[in-house]
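Below is one structure, written out as structure tokens, with a few remarks after it.
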Number of protein chains: 2
Amino acid sequence: MDKAKRARVVRGGWRVGTADEFLGLTPEEAALIEVKLALSEGLRARRLAMSVSQVELARRLGSSQSRVAKMEAADPSVSMDLLVRAHLALGATARDLARTIGKANRAA
Amino acid sequence: MDKAKRARVVRGGWRVGTADEFLGLTPEEAALIEVKLALSEGLRARRLAMSVSQVELARRLGSSQSRVAKMEAADPSVSMDLLVRAHLALGATARDLARTIGKANRAA
DNA sequence: TGTCGACATGTCTATTCTGACATATGGTAG
DNA sequence: CTACCATATGTCAGAATAGACATGTCGACA
């Protein structure tokens with residue numbers, strides 16, 4: 001995980017209960033975060049590639065601009081369900097999702 | 001989607017708000033369900049391949065046997081987050097997840 | 001300078017999801 | 001039959017997440 005990611009992770013409040021120390025994450029917790037990061041980065045990439053604004057994506061999702069911003073910021077308050085629904089609302093297929101998720105951890 | 005899957009989907013209460021008729025799902029809704037089904041089937045497969053009981057998986061997850069059963073039954077009350085955490089708790093990597101998700105829709 | 005569009009951030013309340021529990025079913029061994 | 005194990009199903013109080021709204025930052029443009 002590079003410094004930018006780490007910073008985002010900490011700022012976002014990702015410290016979890018079981019491991020008390022900073023970066024004292026279990027491998028599973030770390031993996032889950034990596035997957036979410038891959039989805040949130042992939043979402044921004046896909047949205048920008050399609051020249052869609054956050055407001056427009058929110059409209060298609062039946063959500064709000066602020067929630068889209070949080071998705072792309074990998075805010076801990078956004079669920080995987082929502083991230084995945086956002087990808088689908090932009091026309092991603094299951095295979096596209098798989099590709100995006102497969103990118104997790106490659107930049108460690 | 002084969003009949004068994006369809007049955008599970010309906011029994012589970014997947015009828016969504018926007019589309020009122022049976023199978024009147026939007027493509028995004030259908031895709032989301034397919035992804036979840038792939039994850040739930042993949043979970044059972046992985047768990048059985050490792051000869052782990054639902055009780056044991058629940059213990060590793062910090063959850064309960066009934067919730068694991070619901071995950072594998074693709075119950076609408078289980079989130080993708082939980083499904084993914086379950087996979088990770090069984091040792092799956094991001095790449096394994098990608099492979100599992102990529103299987104969605106292939107049995108349509 | 002003022003305003004406009006796009007995005008970020010914080011905080012509400014309502015909805016959804018969670019673990020826990022009770023209980024039922026089905027199979028297998030004694 | 002009884003006892004046990006694995007799994008299924010329904011319910012519920014509490015935790016997590018949702019959309020909505022207010023508000024702030026930044027850059028572009030006139």
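Just so we're clear, the structure is a prediction, and the values are computed from it rather than from any experiment. Below, chains carry the letters A, B, ... as their sequence lines are ordered, and counting in each starts from 1.
- If you take CG of B:D75 and C1' of C:dG19, they are 14 Å apart, rounded to a whole angstrom.
- A close approach under 4.0 Å does not occur between any side-chain nitrogen or oxygen of B:R47 and OP1 or OP2 of D:dA6.
- Summarising the geometry of A:G91 relative to A:R46, their closest heavy-atom pair is C-NH1, 4.1 Å, with the distance given to 0.1 Å.
- Here D:dG19 presents its P atom at 16 Å from CZ of A:R60, a figure rounded to the nearest Å.
- No donor-acceptor pair closer than 3.5 Å links the side chain of B:K36 to the backbone N or O of B:L83.
- Place B:R44 and B:D81 on DNA chain D by their nearest nucleotides, and B:R44 ends up nearer the 5' end.
- Looking at heavy-atom distances under 4.0 Å, A:S64 makes contact with a base.
- Comment: B:K103 does not engage B:E41 in a salt bridge, judged by the lack of any side-chain N to carboxylate O separation of less than 4.0 angstrom.
- Rounded to an integer number of Å, the gap from A:K70 NZ to C:dA8 C1' is 8 Å.
- Regarding B:M71, its CE atom lies at a distance of 15 Å from the C1' atom of D:dT9, rounded to whole Å.
- Comparing D:dA22, C:dG19, C:dC21 against the side chain of B:L82 picks out C:dG19 as the nearest.
- Listed nucleotides: C:dA8, D:dG10, D:dA20. Nearest to the side chain of A:S66: D:dA20.
- Look at B:R59 and you won't find any side-chain N or O under 4.0 angstrom from OP1 or OP2 of C:dA20.
- Contact check, B:R67 against D:dT11: no side-chain N or O comes under 4.0 Å of OP1 or OP2.
- Contact annotation: A:S63 reaches the phosphate of D:dG19 (side-chain N/O to OP1 or OP2, under 4.0 Å).
- When atom types are taken as modelled, the side chain of A:E56 and the backbone of A:S53 share no donor-acceptor pair closer than 3.5 angstrom.
- Taking every heavy atom of both residues into account, A:A89 and A:L57 meet most closely at CB-CD1, 4.3 Å.
- A:L83 has its CG atom 18 Å from the P atom of D:dA16, to the nearest Å.
- Within the 4.0 Å cut-off from OP1 or OP2 of C:dA6, not a single side-chain nitrogen or oxygen of A:Q65 is found.
- As rounded to whole Å, 18 Å separates atom P of D:dT25 from atom CD of A:Q54.
- Look at CG on A:L61: it is 11 Å from P on D:dA20, rounded to the nearest Å.
- A close approach under 4.0 Å does occur between a side-chain nitrogen or oxygen of B:S79 and OP1 or OP2 of C:dT18.
- The CE-P distance, from B:M80 to D:dA18, rounds to 12 Å in whole Å.
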